[in-house]
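So the structure is just underneath, and the comments pick up after that.
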Protein chains: 2
Amino acid sequence: MITLTEENYIKAIYHLGSNGDTSVNTNAIAEVMQTKASSVTDMIKKLSEKNYADYKKYQGVTLTEAGRVVAVNIIRKHRLWEVFLVEKLNFSWDEVHEVAEHLEHIKSEKLINQLDAFLEFPKHDPHGDPIPDKEGNFQHIEKIILAKAEVGSTYKCVGVDDDSSSFLKYLDSNKIALGTIITIKHREPYDNSIKIALENTEIVVSQNVAKNLYLKKV
Amino acid sequence: MITLTEENYIKAIYHLGSNGDTSVNTNAIAEVMQTKASSVTDMIKKLSEKNYADYKKYQGVTLTEAGRVVAVNIIRKHRLWEVFLVEKLNFSWDEVHEVAEHLEHIKSEKLINQLDAFLEFPKHDPHGDPIPDKEGNFQHIEKIILAKAEVGSTYKCVGVDDDSSSFLKYLDSNKIALGTIITIKHREPYDNSIKIALENTEIVVSQNVAKNLYLKKV
DNA sequence: AATAAAATTTAGACTAGTCTAAAAATATTT
DNA sequence: AAATATTTTTAGACTAGTCTAAATTTTATT
């Protein structure tokens, strides 16, 4: 049996190592897990013994295929629950993450597959992230970050990199949601802020914002 | 913070002590918790320290008001999730218990209240048990067990005492569901089996069954 | 290449929850 | 009321996951 804590470590390694391929360091894991490096070392050893991870002392860690399967499954559950919370229970997109962190650990194949069907097999969660299907396949989306968009072009917002409540509330208060159409008006070389046109206003966003919003050309 | 294990012990005490009032013995708790009496003693001490239970050595345990609030809250969550599983995700009534055992521990007021609203504030779960409202109030239902029903009278099935998968499957296979109308035809004094009439058949049920099915006069 | 700095691991300890085996208290039987 | 059986508690140990502090390895700097 896999424990809740093991699942969370696997998820962290997956996210830190761009889907588990590249090696992840102990300190990075400690930071996202809000724990100490020594605890991470212990857990990595355990994951390695259980064949969820490959680990060589001082060399960081990667996931095995089995570990990647666990991670993708949790991500599937997390994102499906997020869709449920927003679409059926009227949560806003900045509120869902925390609750989904718990729901993602409920272990029932039937539950998650029926939920998927109930939601009519959504392809993306409320932040634009793709939802793996039953077999673990992602639907890839071609997207660029706002920071790299071309001045003069028009784009659709398709996702966020930062899904913190504060960033999402910022977007809400500026009337930016997934699907919103924006046109790039100007990039200020001094601080890399960007002026964008929305439906009937223009706003200037900081480089910070521009790095966390994903767009797709329309 | 209250742990998952603490919640489960509190729930067990609540159920064993007819809603927490009457004193519950260590061994009884050990049995439902699938653990040893010595572990129960340890946990009872802890619940007592945290003021969820009143405990005197060798005298059994009762819940405090705080403990009762915790128990009712878990029951509310358990039963609402059961309704969700049956009504929205097409689970059958014998499949829901196990999954609901996990979902009941998700801690989010908003989640459970929105779920309640989404389900349109159901008053009973799929087994006929009442669902406490936000304030913890139950809707009482007047019901008798089939074993005590009068020969000649007509009743509606309103609940089950045993919600094990095997009992519920037995009912399914005999076309008995909540809401089914039955008439008591005969009580056999030899073994207390009872002959009942359904819509277009008559069946004989054992005393065992008769003790686990709740009825309401119509 | 030697040294300093940073990252990682080990060693030993702590908590929650569990266990076994023995001791103590209560309940039951004679 | 004494003896026996049952129930409950204590004592001490174990695992999972964590911690601090010290030791080790790797990386960066001179």
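Quick caveat, the model's predicted, so the values are computed rather than measured. Sequence lines set the chain letters: A, B, ... in the order given, protein chains first and strands last, and positions in each chain run from 1.
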Only pairs at least two apart or in different chains count here, so list each salt bridge (Lys or Arg N to Asp or Glu O under 4.0 Å) that has a residue in residues 79-88 of chain A.
-> A:R79-A:D125
With sequence neighbours excluded, give me every salt bridge (Lys or Arg N to Asp or Glu O under 4.0 Å) pair touching residues 128-139 of chain A.
-> none
Whole angstroms only, please: what is the [atom1]-[atom2] distance between [X] and [N]?
X     : N      : atom1 : atom2 : answer
A:N8  : D:dA16 : CG    : P     : 17 Å
A:K36 : C:dA7  : NZ    : P     : 15 Å
A:I2  : D:dA16 : CD1   : C1'   : 14 Å
A:L4  : D:dT18 : CG    : P     : 10 Å
B:M1  : C:dA16 : CE    : C1'   : 14 Å
A:M43 : D:dT15 : CE    : C1'   : 12 Å

Residues in salt bridge (Lys or Arg N to Asp or Glu O under 4.0 Å) contact with [X], at least two apart in sequence or another chain:
X      : answer
A:K217 : A:E150
B:E95  : A:K110
A:K211 : none

Scan residues 99-108 of chain B against DNA chain D and write down, sorted by residue number, each residue with any heavy atom closer than 4.0 Å; if none is found, say none.
-> none
For A:Y9, check ring-ring contact (aromatic ring centres under 6.0 Å, His included) against everything at least two apart and list the hits.
-> none
What residue pairs, at least two apart or across chains, pass ring pair (Phe, Tyr, Trp, His ring centres under 6.0 Å) with a residue in residues 87-125 of chain B?
-> B:H78-B:H97
Can you tell me if NZ on B:K57 sees more than 12 non-hydrogen neighbours from other groups inside 6.0 Å?
-> no
Footprint string (nucleotides 7-13 of chain D, 5' to 3'): B base within contact, S backbone only, - free, heavy atoms under 4.0 Å | SBBB---
Check whether any side-chain nitrogen or oxygen of A:T5 sits under 4.0 Å from OP1 or OP2 of D:dA16, and answer yes or no.
-> no
